[in-house]
Amino acid sequence: MSSPESQSVADTLVQWQKVAGRQHLPWQNTGDAYRVWLSEVMLQQTQVTTVLGYYDRFLKAFSTVTALAQASEEEVMQLWAGLGYYTRARNLHACARQVLTRFGGEFPRDVAALESLPGIGRSTAGAIASLSWGLAAPILDGNVKRVYCRLFGVEGYPEQTAVKRELWAIAERELGRQAPGVYNQALMDLGATVCTPKNPNCAKCPLMKRCVALKKGMVGQLPQPKPKKPRPSQYFVALAVRSKHGEVGLTARQGKGVWRGLWMWPHLSLEGVDQVVDWPELAPLLQEIGLQADERQQAELVRQLKALNRQDWLVHELTHRKMHFKVLALDGVSGGDLVALSDRAVPRLVHKIMEQLGWT
DNA sequence: AAATCGTGGTT
DNA sequence: TAACCAAGATT
């Protein structure tokens, strides 16, 4: 599988890609910047298998960037719901609108102009330019960072500014300028299928003979992992309300925290498990969904609250923290500003809570 | 510059 | 099974 050392990295990879690279992903070889862009944004920090279904649904709903631009933000958020990193969805929509208003509905064939669009950074711009049109622009995603760190023995973790600068310089230098799209695709495919994070298959690697990490016996050490910090735990009480017709009491998340703009059960932060919570703290949650609890409902909620110590918390893990929820529930209520769940963009947690309640 | 932002696949 | 981390961008 290994090539002569006289052949350049780029030539070796381009040759390898044609026989061993991935070929059949739906956005590949379309020459369509809209499809490449849509897939690239969805693939940010997200695995291919997770993206496939979302990609199909988006393309079915919006066949062109103009169609996407003309949709409402709420429509876009609903289609994106469950995929995570929701700022991507808002930027996707904003980007589509800018493509329409600034560039007449066609993505600009220019890396700098692409980077000026919301949600498109340097790597995504390079991917769009090279994969759609064959322009000479490098990419630097997780796969490529890993390949370069090993191939050239780059130490320090890739999130560091100096290391990142070095990796971009390598990416510029090594870019296969005869076939930039194929070269970039090869880098990603190599990282995804051969030069994997764990148990890399060096025997199958076309760059085996020139890999610095392999030569030094450091493949398992590179790229150097980012120092990990403890994930703080946060505790909440959430209120789940449902009518007898199945409408639910959701509110739109305000501010700039997690799930901004999505709909969630009203909830309050506990700042630590020991804090005493009683009816005065719960009443505002009902107010958020336009509900005034009668005495029976009030007593029921307080009863559920007191059982806090004996009931397991529902844990929802995010990248940087663990969220623990105590769920209070009222079923079969009437009144309030309840909504149809199918009409709202909601995070997975909303469904997770319904499952715990048996509201399925 | 370091933190933030979701969720799920893989090992 | 708990840790790792995935076609990163933004602030």
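Convention: sequence-line order gives letters A, B, ...; per-chain numbering from 1.
Residues from residues 153-181 of chain A that place a heavy atom under 4.0 Å from any atom of DNA chain B, listed by number: Thr161(A). Of the residues in residues 35-61 of chain A, those placing a heavy atom less than 4.0 Å from an atom of DNA chain B are Gln45(A), Thr46(A), Gln47(A), Thr49(A), in numerical order. Near-neighbour residues of DNA chain C inside residues 131-150 of chain A, defined by a heavy atom below 4.0 Å, number-ordered: Asp141(A), Gly142(A), Asn143(A), Arg146(A). A heavy atom closer than 4.0 Å to some atom of DNA chain C occurs in Gln185(A), Met188(A), Pro197(A), these being the qualifying members of residues 183-198 of chain A.
A close approach under 4.0 Å does occur between a side-chain nitrogen or oxygen of Tyr86(A) and OP1 or OP2 of dT7(B). In this structure, Arg260(A) does not reach the dC5(B) phosphate: none of its side-chain N or O atoms is under 4.0 Å from OP1 or OP2. A sub-4.0 Å separation between OP1 or OP2 of dT7(B) and a side-chain N or O of His316(A) is present.
Spacing of P atoms, dT10(B) relative to dA7(C), comes out at 12 Å, to the nearest Å.
Using modelled atom types and a 3.5 Å distance limit, the side chains of Gln287(A) and Gln292(A) yield no donor-acceptor pair.
The residue among Glu115(A) and Gln28(A) whose nearest nucleotide of DNA chain C lies closer to the 5′ end is Gln28(A).
The ring of Phe325(A) has its center no closer than 6.0 angstrom to the ring center of Trp313(A).
No salt bridge links Glu355(A) with Lys352(A); every basic N to acidic carboxylate O contact stays at or beyond 4.0 Å. With respect to Arg344(A) and Glu74(A), no salt bridge is recorded, no charged nitrogen being found less than 4.0 Å from a carboxylate O.
With a cutoff of under 4.0 Å to any heavy atom of chain A, the contacted region of DNA chain C is bounded 5' to 3' by dC4(C) to dT10(C).
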Please report, to 0.1 Å, the donor-acceptor pairs under 3.5 Å made by any side chain of residues 29-42 of chain A, with sequence neighbours excluded.
residue	atom	partner	partner atom	Å
Thr30(A)	OG1	Trp27(A)	O	3.4
Thr30(A)	OG1	Asp32(A)	N	3.2
Asp32(A)	OD1	Tyr34(A)	N	2.9
Asp32(A)	OD2	Arg35(A)	NE	3.0
Tyr34(A)	OH	Phe62(A)	O	2.7
Ser39(A)	OG	Arg35(A)	O	3.2
Ser39(A)	OG	Val36(A)	O	2.8

